[in-house]
**Student:** 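Got a structure for you, questions after.
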There are 2 protein chains.
Amino acid sequence: MPFVLHGIAMPQDAFTALSLCNNATLRRATRKLGQLYDDVLAASGLKATQQGLLYQIHVGEEPAMGAIATALVMDLSALGHTLKPLIRDGFVETFADSNDRRIKRVRLTPLGRQKLEEAMKLWRVAQQRFEDMVGKEQAASLRAALDRIAALDFDLPPAAP
Amino acid sequence: MPFVLHGIAMPQDAFTALSLCNNATLRRATRKLGQLYDDVLAASGLKATQQGLLYQIHVGEEPAMGAIATALVMDLSALGHTLKPLIRDGFVETFADSNDRRIKRVRLTPLGRQKLEEAMKLWRVAQQRFEDMVGKEQAASLRAALDRIAALDFDLPPAAP
DNA sequence: TCTCCATGGTGGCATATACCACTAAAGATC
DNA sequence: GATCTTTAGTGGTATATGCCACCATGGAGA
């Protein structure tokens with residue numbers, strides 16, 4: 001007899017156990033896809049997250065760190081940490097905004113542009129691999145749903161008084 | 001004039017820039033939802049991932065580490081690292097399998113069971129918060145799609161010869 | 001029985017990510 | 001002009017996660 005926790009019978013299958021949880025299923029799928037993209041992108045020396053960050057910086061045309069963090073739905077200090085290896089390896093550089101010295105802007109170096117181009121070729125292979133399996137429309141539909149999630153406003157207080 | 005990379009015009013909006021990438025949109029949504037679940041679960045002292053892991057162990061009825069890793073689609077050595085704080089804090093313990101000494105099994109301690117019950121109460125609040133915003137059917141549909149992704153077989157070689 | 005291969009797990013190292021305290025800079029208010 | 005509040009970012013610390021080399025154990029085959 002399965003253990004009953006607060007009146008809810010627990011599923012027995014290990015894989016489906018997590019499938020009740022929105023967060024856990026998202027993380028598991030993210031690990032799955034992350035493994036594919038990282039594997040394909042390994043030839044460039046970049047992680048998939050780093051390729052995405054270079055792309056974001058490229059598209060943002062010297063974006064402020066705060067703007068990148070907001071677009072990625074990422075904590076600003078976490079973004080600061082994530083940028084460090086890319087700065088160390090010479091792919092990006094930061095500089096102070098001319099109007100507001102609090103603001104740090106980010107841009108790709110020439111080496112970074114080159115690395116991004118190399119990585120984008122591999123990125124397309126990974127996209128193709130995934131979309132060949134699930135279908136282009138399914139993939140687009142999923143991305144749209146995920147964008148809606150990312151845009152949700154939970155009204156989380158940054159600091160509780 | 002937007003910079004053209006290999007014939008693909010780049011979107012200008014920072015948020016939608018990543019929306020072309022399956023992996024990046026998944027990660028961004030995962031950060032979003034992770035922040036909600038972690039915020040709600042903070043009162044228990046557990047991260048959402050830890051609550052999910054305790055739940056997985058509970059449901060698995062003394063599962064082997066390898067089985068947990070497979071169900072979570074997680075690297076076994078990463079799972080080993082992830083278990084450490086839970087072992088340190090006395091919520092789980094590991095023991096050798098009676099039939100095969102290579103196999104390590106995991107179980108919740110009495111403290112772990114208690115902590116899981118506490119966390120499950122909070123988890124339900126987080127689930128409710130999310131599902132109130134997106135709708136129960138939409139949430140269920142998304143979880144089903146994410147489970148299909150997690151179950152995909154990309155045929156990644158563990159080690160290329 | 002011995003050898004080879006596969007499996008399960010650990011430790012090391014690195015990136016990914018979040019929270020918090022703190023500092024510097026800018027804006028608002030008096 | 002001075003003071004207070006807000007904003008942007010850094011460093012520290014911790015968990016999340018993946019890859020790799022390595023070791024112990026078990027299974028298969030000679």
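Below, read A as the first sequence line, B as the second, and so on, with proteins coming before strands; counting in each chain starts at 1.
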**Student:** Ignoring hydrogens and angles, tell me if any N or O in the side chain of Ser141(A) forms a donor-acceptor pair with the backbone of Glu137(A) under 3.5 Å.
**Tutor:** no
**Student:** Nearest whole angstrom, please: distance from the P of dT15(C) to the CG of Leu53(A).
**Tutor:** 13 Å
**Student:** Mind checking side-chain hydrogen bond (donor to acceptor under 3.5 Å, both in side chains) for Glu93(A) and listing every partner two or more places apart, or none if nothing turns up?
**Tutor:** Arg107(A)
**Student:** On DNA chain C, compare the nucleotides closest to Arg101(A) and Lys47(A); which residue's is nearer the 5' end?
**Tutor:** Lys47(A)
**Student:** Once each nucleotide of nucleotides 6-13 of chain D is scored for protein heavy atoms under 4.0 Å, what B/S/- sequence comes out, 5' to 3'?
**Tutor:** BBSBBBBB
**Student:** Can you check the Asp38(B) CG to dT15(D) P distance for me, whole Å?
**Tutor:** 12 Å
**Student:** For a quick check of understanding: with a heavy-atom distance under 4.0 Å over all strands, which category does Arg88(B) fall into, base, sugar-phosphate or nothing?
**Tutor:** sugar-phosphate
**Student:** Nearest whole angstrom, please: distance from the C1' of dT17(C) to the CZ of Arg28(B).
**Tutor:** 16 Å
**Student:** Without decimals, in angstroms, what is the distance between Leu46(B) CG and dA18(C) C1'?
**Tutor:** 16 Å
**Student:** Starting at CG of Leu83(A) and ending at C1' of dT15(C), how long is that distance when rounded to a whole Å?
**Tutor:** 13 Å
**Student:** Would Leu111(A) end up clustered with Ile87(A) when hydrophobic side chains under 4.5 Å apart are linked, directly or stepwise?
**Tutor:** yes
**Student:** Can you tell me the distance, in whole Å, between the CG atom of Leu86(B) and the P atom of dA14(D)?
**Tutor:** 15 Å
**Student:** Using a strict cut-off of less than 4.0 Å between a Lys/Arg side-chain nitrogen and an Asp/Glu carboxylate oxygen, indicate whether Arg28(B) and Asp147(A) qualify as a salt bridge.
**Tutor:** yes
**Student:** Looking only at heavy atoms, what is the nearest atom pair of Leu18(A) and Thr25(A), with distance?
**Tutor:** O-CG2, 3.5 Å
**Student:** Measure from CZ on Arg27(B) to C1' on dG18(D) and round the result to the nearest Å.
**Tutor:** 10 Å
**Student:** Establish whether Ile103(A) and Leu83(A) are linked, either directly or via other cluster members, by ILVMFWY side-chain heavy-atom contacts under 4.5 Å.
**Tutor:** no
**Student:** Take atom CG of Leu41(B) and atom P of dA14(D), then tell me their distance rounded to the nearest Å.
**Tutor:** 21 Å
**Student:** Counting N and O atoms only, with roles assigned by atom type, does the side chain of Lys32(B) sit under 3.5 Å from a partner on the main chain of Val73(A), one being a donor and the other an acceptor?
**Tutor:** no
**Student:** Would one find a side-chain N or O of Gln35(A) under 4.0 angstrom from OP1 or OP2 of dG18(D)?
**Tutor:** yes
